[in-house]
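Beneath this line is the structure, given in structure tokens, with notes to follow.
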2 protein chains.
Amino acid sequence: MKKTDIYSELKRNGLKNTKHRTMILDILKKSSQPISAEQLFEEMLVRKISINLSTVYRTLDTLCDKNLLIKLNVKGDNRTLFEFNHMIHRHHLICLGCKKILAIEHCPLEGYEKVLANETNFTIEGHNLNIYGYCPNCQIHNL
Amino acid sequence: MKKTDIYSELKRNGLKNTKHRTMILDILKKSSQPISAEQLFEEMLVRKISINLSTVYRTLDTLCDKNLLIKLNVKGDNRTLFEFNHMIHRHHLICLGCKKILAIEHCPLEGYEKVLANETNFTIEGHNLNIYGYCPNCQIHNL
DNA sequence: TGACAAATGCGAATCATTTGCATCTACATT
DNA sequence: AATGTAGATGCAAATGATTCGCATTTGTCA
């Protein structure tokens with residue numbers, strides 16, 4: 001997603017194009033890992049963009065509302081993490097050692113929601129799946 | 001689980017048998033829904049057991065450590081919920097309308113962890129799955 | 001029964017997140 | 001390009017869930 005794409009994406013959602021927003025989207029777009037509001041705030045400082053932490057929170061909130069970002073909650077971390085919404089249904093594999101997060105693009109629950117809907121008479125809207133384990137590197141250092 | 005069972009369960013885990021603990025375990029054992037620390041605190045008051053909220057938190061913590069309870073986090077609720085550990089691997093189906101929580105005792109991920117371990121070289125320790133939707137009753141009132 | 005570790009109460013601290021309000025800015029319209 | 005206005009931001013204070021330090025109490029075991 002180029003700068004111009006970000007611009008039109010914001011516009012399409014009725015959001016003003018501000019330095020802060022484009023920067024936040026840019027950082028998240030390029031990040032290989034979901035990150036927290038605080039981390040984002042610090043990354044902005046590194047990039048010499050002065051911003052207030054509440055603005056970070058507010059921006060993240062609006063971007064989530066517009067489905068440009070996705071919220072993520074990880075066991076043992078009380079903060080909310082945010083990641084760029086690549087518009088692909090995915091889950092996460094989280095290393096309990098180094099906390100690294102891997103996206104999994106295959107959903108093992110395809111079809112299951114229908115079965116569950118039949119069994120329970122619920123209408124299913126979605127699900128949330130995180131898988132926890134140790135990455136190859138942490139397995140070595142955990143002996 | 002009878003009172004005596006709770007007693008020996010505590011003992012087996014090196015925990016002292018106190019009025020508070022047995023009461024908390026008893027409430028959770030009988031509850032059809034996972035509940036929060038605050039709710040538990042209020043339920044104790046109803047039962048005329050005076051207790052401090054920090055004690056509730058501390059008790060819940062130790063009981064989780066000993067695997068007598070399970071923590072549960074639900075999207076859109078920033079509190080932690082607790083449920084009695086029935087020693088059965090289960091997931092939860094949560095109604096987005098009335099917030100009711102249904103336990104699902106069939107795990108749709110059996111076998112998948114092995115596949116994932118092979119693909120990623122992670123050692124998998126466990127997973128977390130919540131499914132969201134609307135219960136029959138809330139479907140009606142949501143028209 | 002007495003000793004001692006563990007459990008509790010109380011109040012204050014912490015941490016992530018939200019909110020109220022005054023000010024500022026992007027952008028549509030003139 | 002100037003301008004009006006809704007929306008965006010900064011700042012400081014509030015909130016809500018949870019944790020912590022420390023003095024006191026209580027369960028358990030010898």
Side-chain angles (χ1 to χ4, degrees), chain A residues 3-4 6-26 34-45 47-66 68-69 71-82 99, chain B residues 3-4 6-26 34-45 47-66 68-69 71-82 99:
Chain A
K3 281 276 162 63
T4 50
I6 289 181
Y7 177 84
S8 55
E9 194 63 22
L10 288 174
K11 195 164 178 180
R12 203 166 59 71
N13 283 287
L15 298 178
K16 286 184 182 170
N17 174 27
T18 73
K19 210 171 36 182
H20 292 147
R21 272 182 191 159
T22 49
M23 181 64 75
I24 283 176
L25 274 174
D26 194 56
I35 55 188
S36 70
E38 187 90 36
Q39 287 175 300
L40 211 30
F41 173 69
E42 272 154 25
E43 182 60 31
M44 306 279 286
L45 292 191
R47 300 192 185 197
K48 313 281 190 214
I49 303 287
S50 135
I51 190 174
N52 190 279
L53 185 55
S54 12
T55 304
V56 175
Y57 276 106
R58 267 187 291 228
T59 304
L60 290 171
D61 246 33
T62 40
L63 294 177
C64 281
D65 284 352
K66 301 300 184 182
L68 298 176
L69 301 180
K71 280 185 192 170
L72 180 56
N73 286 296
V74 167
K75 196 168 55 169
D77 187 350
N78 46 336
R79 303 167 309 172
T80 299
L81 302 181
F82 297 84
K99 309 299 176 192
Chain B
K3 279 278 163 62
T4 51
I6 288 182
Y7 178 84
S8 56
E9 194 63 22
L10 288 173
K11 196 165 180 181
R12 204 166 58 72
N13 283 288
L15 298 177
K16 286 184 180 168
N17 174 27
T18 72
K19 208 172 38 183
H20 292 146
R21 272 182 191 157
T22 48
M23 181 64 76
I24 284 176
L25 274 173
D26 194 56
I35 54 188
S36 69
E38 187 89 35
Q39 287 175 298
L40 211 28
F41 172 70
E42 273 154 23
E43 182 58 32
M44 307 276 289
L45 292 192
R47 300 191 185 198
K48 312 281 191 215
I49 303 288
S50 133
I51 189 174
N52 191 280
L53 185 54
S54 8
T55 304
V56 175
Y57 275 106
R58 269 188 291 229
T59 304
L60 290 171
D61 245 33
T62 40
L63 295 177
C64 280
D65 285 351
K66 301 300 185 183
L68 298 176
L69 300 181
K71 279 185 193 168
L72 180 57
N73 287 295
V74 167
K75 196 167 55 168
D77 187 350
N78 47 335
R79 303 167 307 172
T80 299
L81 302 182
F82 296 85
K99 310 299 177 192

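This is a predicted model, so every value here is computed, not measured. Reckoned from all heavy atoms, side chains included, excluding hydrogens, waters and symmetry mates. Chain identifiers are assigned alphabetically (A, B, ...) following the order of the sequence lines, protein sequences preceding nucleic acid strands; residue numbering begins at 1 within each chain.
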Search all heavy atoms of [X] against all heavy atoms of [Y] and return the closest pair with its distance.
X: A:L60; Y: A:L69; value: CD2-CD1, 3.6 Å
X: B:A37; Y: B:V56; value: O-CG1, 3.6 Å
X: A:T22; Y: A:K19; value: OG1-O, 3.0 Å

Original post:
Sequence neighbours excluded, which residues qualify as side-chain hydrogen bond (donor to acceptor under 3.5 Å, both in side chains) partners of A:R47?
Top reply: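 For A:R47 the side-chain hydrogen bond (donor to acceptor under 3.5 Å, both in side chains) partners, ignoring immediate neighbours, are A:E43.
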
**OP:** Using the test side-chain hydrogen bond (donor to acceptor under 3.5 Å, both in side chains), find all partners of A:D77 that sit at least two apart in sequence or belong to another chain.
**Re:**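 Residues passing side-chain hydrogen bond (donor to acceptor under 3.5 Å, both in side chains) with A:D77: A:R79.
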
Subject >> Toward the 5' end of DNA chain D, by each residue's nearest nucleotide, A:K19 or B:S54 >> reply: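 Here A:K19 is the residue nearer the 5' end.
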
Between the protein and nucleotides 28-30 of chain D, are there any N/O to N/O pairs under 3.5 Å, and if so, what are the atom names and distances?
residue : atom : partner : partner atom : Å
D:dT28  : OP1  : B:N17   : N            : 3.0

Residues which pass side chain to side chain contact (heavy atoms under 4.5 Å, CB included) with [X], listed by chain and number, not counting sequence neighbours:
X: A:D65; answer: none
X: A:K99; answer: none
X: A:K11; answer: A:Y7
X: B:K16; answer: B:T18, B:R21

If I take atom [atom1] in residue [X] and atom [atom2] in nucleotide [N], what distance separates them, rounded to the nearest angstrom?
X: B:E38; N: D:dA17; atom1: CD; atom2: P; answer: 6 Å
X: A:D65; N: D:dG7; atom1: CG; atom2: C1'; answer: 14 Å
X: A:Y57; N: D:dG16; atom1: OH; atom2: C1'; answer: 13 Å
X: A:K66; N: D:dA8; atom1: NZ; atom2: C1'; answer: 14 Å
X: A:I51; N: D:dA8; atom1: CD1; atom2: P; answer: 13 Å
X: A:L63; N: D:dG7; atom1: CG; atom2: C1'; answer: 14 Å
X: B:N52; N: D:dT26; atom1: CG; atom2: C1'; answer: 16 Å
X: A:R58; N: D:dA12; atom1: CZ; atom2: C1'; answer: 12 Å

**OP:** Name the nucleic acid region contacted by A:R21, choosing base, sugar-phosphate or nothing; use a 4.0 angstrom heavy-atom cut-off, strictly under.
**Re:**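 Sugar-phosphate: the residue A:R21, judged by heavy atoms under 4.0 Å, touches backbone atoms but no base.
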
**OP:** For A:T59, report the nucleic acid contact type (base, sugar-phosphate, nothing); a contact means any heavy atom under 4.0 Å.
**Re:**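 Touches sugar-phosphate only.
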
Original post:
Nucleotide range of DNA chain C contacted by chain B, 5' to 3', under 4.0 Å to a heavy atom?
Top reply: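 Endpoints of the contacted stretch of DNA chain C: C:dA5 to C:dG11.
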
Subject >> Step-by-step side chain to side chain contact (heavy atoms under 4.5 Å, CB included) determination, A:L68 to A:N13 >> reply: CA-CA 9 Å; A:L68 298 176; A:N13 283 287; 4.1 Å; yes

Kindly list each side-chain donor-acceptor pair under 3.5 angstrom involving residues 48-55 of chain B, sequence neighbours excluded, with atom names and distances?
residue : atom : partner : partner atom : Å
B:N52   : OD1  : B:S54   : N            : 2.9
B:N52   : OD1  : B:S54   : OG           : 2.6

Subject >> Axis deviation across the helix from C:dT1-D:dA30 to C:dT30-D:dA1, five-pair ends, to the nearest 10° >> reply: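 Overall, the helix from C:dT1-D:dA30 to C:dT30-D:dA1 bends by 30° from one end axis to the other.
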
**OP:** Check each residue of residues 72-81 of chain B for a non-hydrogen atom within less than 4.0 Å of any atom in DNA chain D, then write out the ones that pass by number, or none.
**Re:**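 The stretch gives B:N78, B:R79, B:T80 as the residues lying under 4.0 Å from the strand, ordered by number.
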
